[in-house]
Amino acid sequence: MRPSILRSLSAGFAFLLLSSLTGFAQTSQVPAINPAQWAEELRAFARQDSLTPPPRKPILFYGSSSIRKWETLPQDFPGRPVLNRGFGGSRFPDAIYFFEKLVVPYQPRQVLLYEGDNDINAGATTQEVYASFLAFEKLMRQNKKLRRVPVVFLSIKPSPSRWALYPRMQEANALIRQYIEQHPKRLTFVDVSTPMLGPNGKPRPELYISDSLHMTRAGYEIWTRVVAPYLKK
């Protein structure tokens with residue numbers, strides 16, 4: 001099949017996925033995505049790529065601000081070709097929308113994905129978050145060059161500022177985990193959430209900055225320890 005036709009099919013598939021997610025949004029009153037809000041971050045990524053070429057076939061960290069703020073990735077995983085393409089405030093539909101710009105061009109050897117946190121905070125149901133994960137995973141498998149690339153899903157974390165939402169986050173985690181365990185060949189679920197809870201079952205305060213949402217260095221040290229065994233070489 002000619003490349004132009006493949007691109008058309010890929011674009012059409014992405015449109016259908018986004019249309020279905022938009023339908024979900026209308027059902028649960030989730031705000032529509034606004035791709036223009038990420039224009040500056042995309043320009044920043046382009047500048048980074050022009051000044052410092054990204055690693056060949058990197059381990060791509062992709063998702064929302066918990067990824068974007070992981071600024072010590074190269075130091076935390078020395079010798080690994082890590083690349084951070086997180087953009088703060090993003091939701092699953094944003095990650096899907098920018099798949100062709102922020103995932104495909106890098107031809108990663110592995111994708112570590114963190115999304116769902118902002119989705120649930122915006123009003124998405126657990127089923128919608130689960131459907132979004134399936135949509136992202138299907139995009140990976142529909143792409144000829146990425147269909148064999150493993151995806152690691154980092155569980156939606158607890159945080160003091162969103163503690164009331166954590167039961168729903170746990171439900172979404174459980175749905176995604178169950179699916180991954182049924183399809184283990186190229187999918188992995190990593191529980192970064194449980195180690196962030198204290199003996200009282202609530203988020204450990206020292207792991208969060210003043211907004212009670214984003215993580216301190218101590219929080220990222222936990223993530224580093226938990227994630228390291230799953231990274232490809």
Side-chain angles (χ1 to χ4, degrees), residues 30 59-73 76-77 82 84-95 110-137 150-184 186-231:
V30 178
I59 298 172
L60 182 68
F61 284 71
Y62 190 50
S64 60
S65 56
S66 291
I67 296 297
R68 181 177 66 82
K69 290 178 176 291
W70 200 344
E71 298 174 349
T72 56
L73 277 177
D76 292 340
F77 303 111
V82 296
N84 190 325
R85 285 298 175 264
F87 49 118
S90 66
R91 292 180 275 141
F92 253 121
D94 298 299
Q110 185 179 32
V111 175
L112 279 86
L113 176 66
Y114 183 80
E115 287 289 6
D117 198 331
N118 294 323
D119 300 66
I120 289 177
N121 187 59
T125 68
T126 56
Q127 287 290 339
E128 288 165 4
V129 172
Y130 175 57
S132 292
F133 171 77
L134 296 182
F136 183 89
E137 201 268 333
V151 174
V152 176
F153 181 77
L154 306 182
S155 64
I156 306 170
K157 75 182 193 307
S159 57
S161 66
R162 295 179 177 176
W163 185 238
L165 299 175
Y166 193 54
R168 285 166 54 194
M169 294 175 177
Q170 286 180 301
E171 290 175 9
N173 282 335
L175 288 171
I176 294 171
R177 183 172 199 160
Q178 182 179 42
Y179 177 83
I180 287 174
E181 288 176 348
Q182 293 170 350
H183 302 82
R186 305 199 190 281
L187 294 173
T188 303
F189 182 94
V190 175
D191 178 13
V192 295
S193 307
T194 302
M196 301 182 73
L197 300 174
N200 62 355
K202 294 183 178 181
R204 294 162 51 188
E206 72 273 15
L207 303 182
Y208 304 86
I209 63 174
S210 59
D211 65 4
S212 296
L213 174 63
H214 297 105
M215 292 187 289
T216 61
R217 179 60 192 156
Y220 282 111
E221 287 174 353
I222 289 176
W223 278 33
T224 299
R225 184 181 72 249
V226 173
V227 168
Y230 298 95
L231 296 188

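Heavy-atom basis, side chains included; hydrogens, waters and symmetry copies ignored.
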Find the distance between [atom1] ([X]) and [atom2] ([Y]) and round it off to the nearest 0.5 Å.
X: I222; Y: R225; atom1: CD1; atom2: CZ; answer: 5.5 Å
X: L231; Y: Q110; atom1: CG; atom2: CD; answer: 5.5 Å
X: R204; Y: L197; atom1: CZ; atom2: CG; answer: 9.0 Å
X: F61; Y: R85; atom1: CZ; atom2: CZ; answer: 13.0 Å
X: L187; Y: F133; atom1: CG; atom2: CZ; answer: 5.0 Å

Report yes or no: does [X] contribute a side-chain atom to a donor-acceptor pair with the main-chain N or O of [Y] at less than 3.5 Å?
X: D119; Y: A124; result: no
X: S161; Y: S212; result: yes
X: Y230; Y: V152; result: no
X: Y208; Y: P203; result: no
X: N84; Y: I67; result: yes
X: S193; Y: I156; result: yes
X: S65; Y: R68; result: no

Margin query: Between K157 and Y114, does the side chain to side chain contact (heavy atoms under 4.5 Å, CB included) criterion hold? Intermediate values first, please.
Written below: CA-CA 9 Å; K157 75 182 193 307; Y114 183 80; 3.2 Å; yes

Can you find a heavy atom in the side chain of [X] that is under 4.5 Å from one in the side chain of [Y]?
X: E137; Y: R186; value: no
X: E128; Y: F92; value: no
X: S155; Y: V190; value: no
X: I59; Y: F77; value: no
X: P150; Y: V111; value: no
X: F136; Y: L113; value: yes
X: D191; Y: M196; value: no

Next item on the list: Just jot down the side chain to side chain contact (heavy atoms under 4.5 Å, CB included) partners of I209, sequence neighbours excluded, or say none.
Entry: D211, H214, T216

Looking at every non-hydrogen atom in both residues, tell me the closest pair between [X] and [Y] and how far apart they are.
X: A164; Y: P167; value: O-CD, 3.5 Å
X: A122; Y: R91; value: CB-CD, 4.0 Å
X: W223; Y: L154; value: CZ3-CD1, 4.0 Å
X: D94; Y: Y62; value: O-OH, 4.2 Å
X: R168; Y: T126; value: O-CG2, 3.0 Å
X: G219; Y: L207; value: N-CD2, 3.8 Å

Which pairs would a plain distance check flag for residues 175-184, meaning a side-chain donor or acceptor within less than 3.5 Å of a matching protein atom at least two apart in sequence or in another chain?
| unit_1 | atom_1 | unit_2 | atom_2 | d |
| --- | --- | --- | --- | --- |
| R177 | NE | E181 | OE2 | 3.3 |
| H183 | ND1 | Y179 | O | 2.9 |

Next item on the list: I would like to know whether F87 and S64 meet side chain to side chain contact (heavy atoms under 4.5 Å, CB included); could you show each step before the answer?
Entry: CA-CA 5 Å; F87 49 118; S64 60; over 6 Å; no

Notebook entry, point to check: Taking it one step at a time, do F189 and N173 satisfy side chain to side chain contact (heavy atoms under 4.5 Å, CB included)?
Noted result: CA-CA 9 Å; F189 182 94; N173 282 335; 4.1 Å; yes

Next item on the list: Could you check V129 against I120 for side chain to side chain contact (heavy atoms under 4.5 Å, CB included), going step by step and ending with a plain yes or no?
Entry: CA-CA 8 Å; V129 172; I120 289 177; 3.8 Å; yes

Check: With sequence neighbours excluded, what pairs up with D76 under the side chain to side chain donor-acceptor pair (under 3.5 Å) test?
Finding: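 Applying side chain to side chain donor-acceptor pair (under 3.5 Å) to D76 gives W70, T72, R217, T224.
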
Next item on the list: Show your reasoning for whether side-chain hydrogen bond (donor to acceptor under 3.5 Å, both in side chains) applies to E115 and S90.
Entry: CA-CA 8 Å; E115 287 289 6; S90 66; 2.7 Å; yes

